[in-house]
Chemist: 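There's a structure below that I have some questions on.
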There are 2 protein chains.
Amino acid sequence: MPKRVDHAERRTAIAEALVRVAGRRGLHAVGMRDVAAEAGVSLRLVQYYFETKEKLLLFGLEHLAQRFGQRFAARAGAAGDDPGPRATAEALLMAALPTDEESRTFHHLYTSYAVLAVHDRALAAQPFIKNPDAAEDILTGLIREAQEADQAPPGVDARLEAVGLLAMSAGLGTSVLVGQRSPESAGAVLTHQLDRIFRGRH
Amino acid sequence: MPKRVDHAERRTAIAEALVRVAGRRGLHAVGMRDVAAEAGVSLRLVQYYFETKEKLLLFGLEHLAQRFGQRFAARAGAAGDDPGPRATAEALLMAALPTDEESRTFHHLYTSYAVLAVHDRALAAQPFIKNPDAAEDILTGLIREAQEADQAPPGVDARLEAVGLLAMSAGLGTSVLVGQRSPESAGAVLTHQLDRIFRGRH
DNA sequence: AACATCGTGGTACGTTCGTATCACGAAAAT
DNA sequence: ATTTTCGTGATACGAACGTACCACGATGTT
């Protein structure tokens with residue numbers, strides 16, 4: 001039985017177990033034993049592949065951010081071979097909305113990590129800056145692209161609108177998460193803003 | 001020494017201790033003993049006035065929501081005797097932004113509670129619906145008021161814009177909280193949107 | 001005056017958590 | 001063939017947590 005094992009693969013499997021159980025019961029309620037049970041391994045093995053809980057959480061966050069990127073790419077690709085800037089922007093913003101179970105978990109855990117990051121400098125150094133900044137750049141570029149193609153009025157400040165849209169998407173996501181708003185109504189609010197920013201004929 | 005005591009006053013004092021220590025170290029790291037020490041009372045007394053930790057948290061959330069309402073009222077009042085709809089709306093949105101230490105704590109704890117509410121039905125029943133819905137109604141009314149006074153174009157959908165603005169404010173608040181964005185830049189994004197919605201001469 | 005009740009302190013109990021320790025079989029290295 | 005390293009299990013440990021229990025003085029009630 002005991003042979004050579006791919007550590008990266010094992011760590012990913014355990015991180016996914018962490019994400020599953022955290023999505024089910026909340027990140028604050030997750031212990032090493034829960035992760036071990038969910039992954040179908042012994043507590044010792046979780047210790048073995050991640051020496052400490054903090055490192056497990058860190059890796060879990062990275063894994064989550066990576067999966068989120070994949071989700072966005074899938075959404076963007078599903079919009080056609082060469083989706084226009086508007087369709088790509090819509091995919092980016094809608095991907096962040098908690099519509100199905102997977103995106104609910106995304107948003108929930110990302111927010112949990114953000115709350116922890118307020119007082120944990122190890123977490124604060126992680127992708128809370130890098131990742132959203134990248135999204136901001138992409139969205140800004142999409143708006144500028146639309147402006148050059150006469151699909152958006154030149155008067156709008158691309159960066160300011162991009163930042164606003166991303167913040168709006170995040171805020172709407174939270175209100176959907178806590179049950180204050182339906183995913184459909186949140187989507188309608190975003191669509192309304194996109195209609196305003198992306199409109200042709202000037 | 002031991003005489004009849006005002007329970008409500010005592011509970012408030014303890015709840016404020018909870019808010020202080022949670023703002024300092026994070027809600028997840030707060031124990032009954034911490035609250036007791038911060039309030040300058042014994043652990044037994046915290047148990048006496050709030051029988052269980054869950055009830056303490058619940059009351060803490062109510063207290064926080066109440067203080068937030070006071071903060072908004074103070075901001076609105078500081079804008080003059082009869083502030084216009086634009087100024088009132090700006091006060092409402094800016095009050096939610098984590099600018100000073102108090103508002104940082106507000107936003108941080110409110111988000112913490114929101115995350116817990118995802119899997120705790122006792123918290124979910126609390127003011128996550130009631131409170132933001134009220135803010136939404138107020139803001140919608142302010143936009144309509146401005147439209148009737150020709151201080152906003154009649155074409156905008158007041159409710160849709162109100163929802164968007166509140167979500168944007170919340171989202172910006174989070175990014176300020178985690179250090180991704182400065183309070184000033186977040187304020188600029190909101191001001192930009194307000195400039196768009198509230199503009200006279202039609 | 002006797003008694004019940006309230007506010008308070010101290011402390012103990014049972015659980016859970018993250019981490020550390022010991023042990024051991026199988027593969028790889030020498 | 002012997003020795004080292006790797007993957008794995010079981011279990012123990014110390015700390016922290018929420019809660020429960022016991023005691024007691026002061027106040028209000030009868």
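Quantities reported herein were computed from a predicted structural model and do not represent experimental measurements.
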Chemist: Name the nucleic acid region contacted by B:Phe50, choosing base, sugar-phosphate or nothing; use a 4.0 angstrom heavy-atom cut-off, strictly under.
Modeler: nothing
Chemist: Of the nucleotides D:dT8, D:dC17, C:dT8, which has the atom closest to the A:Tyr49 side chain?
Modeler: D:dT8
Chemist: Choosing from C:dG7, D:dT8, C:dA20, which nucleotide comes nearest the side chain of B:Val5?
Modeler: C:dG7
Chemist: Which listed nucleotide (D:dA20, D:dG7, D:dG18) is nearest to the side chain of A:Tyr48?
Modeler: D:dG7
Chemist: For B:Glu102, look at atom CD and say whether over 12 heavy atoms of other residues, nucleotides or ligands are found less than 6.0 Å away.
Modeler: yes
Chemist: Step through it carefully: locate the ring centre of A:His28, locate the ring centre of B:His119, and say whether they are under 6.0 Å apart.
Modeler: no
Chemist: Write down the distance between CD (A:Gln47) and P (C:dC22), rounded to a whole number of angstrom.
Modeler: 14 Å
Chemist: Classify the nucleic acid contact of A:Val46 as base, sugar-phosphate or nothing, counting any heavy atom under 4.0 Å across all strands shown.
Modeler: nothing
Chemist: Between C:dA12 atom P and B:Met32 atom CE, what is the distance in whole Å?
Modeler: 21 Å
Chemist: Does a side-chain N or O of A:Ser42 approach OP1 or OP2 of D:dT8 to a distance below 4.0 Å, or not?
Modeler: no
Chemist: To the nearest Å, give me how far apart CZ (A:Arg44) and P (C:dT19) are.
Modeler: 12 Å
Chemist: Can we say B:Arg25 and A:Asp120 salt-bridge, meaning some charged N sits less than 4.0 Å from an Asp/Glu carboxylate O?
Modeler: no
Chemist: Please report, rounded to the nearest Å, how far the P atom of C:dC17 is from the NE2 atom of A:His28.
Modeler: 11 Å
Chemist: Where does the angle between the aromatic ring planes of A:Phe68 and A:Phe106 fall among parallel (under 30°), tilted (30 to 60°) and perpendicular (over 60°)?
Modeler: perpendicular
Chemist: Within this structure, what is the CD1-to-P distance between A:Ile14 and D:dG7, rounded to whole angstrom?
Modeler: 12 Å
Chemist: Please report the distance, rounded to the nearest Å, between CD in A:Glu51 and P in C:dA20.
Modeler: 9 Å
Chemist: Need to verify one output field. Residue with the more 5' nearest nucleotide on DNA chain D, A:Arg33 or A:Leu45?
Modeler: A:Leu45
Chemist: Output the rounded distance in Å from NZ (B:Lys53) to C1' (D:dC17).
Modeler: 8 Å
Chemist: Does the B:Glu54 side chain pair with the main chain of B:Leu123, one donor and one acceptor, at a distance under 3.5 Å?
Modeler: no
Chemist: So which nucleotide from C:dG7, D:dA12, D:dG18 ends up closest to the side chain of B:His7?
Modeler: C:dG7
Chemist: Can you tell me how far P of C:dG9 sits from CG of B:Leu43, to the nearest Å?
Modeler: 11 Å
Chemist: Is the distance from OP1 or OP2 of D:dT19 to the nearest side-chain N or O of B:Thr52 less than 4.0 Å?
Modeler: yes
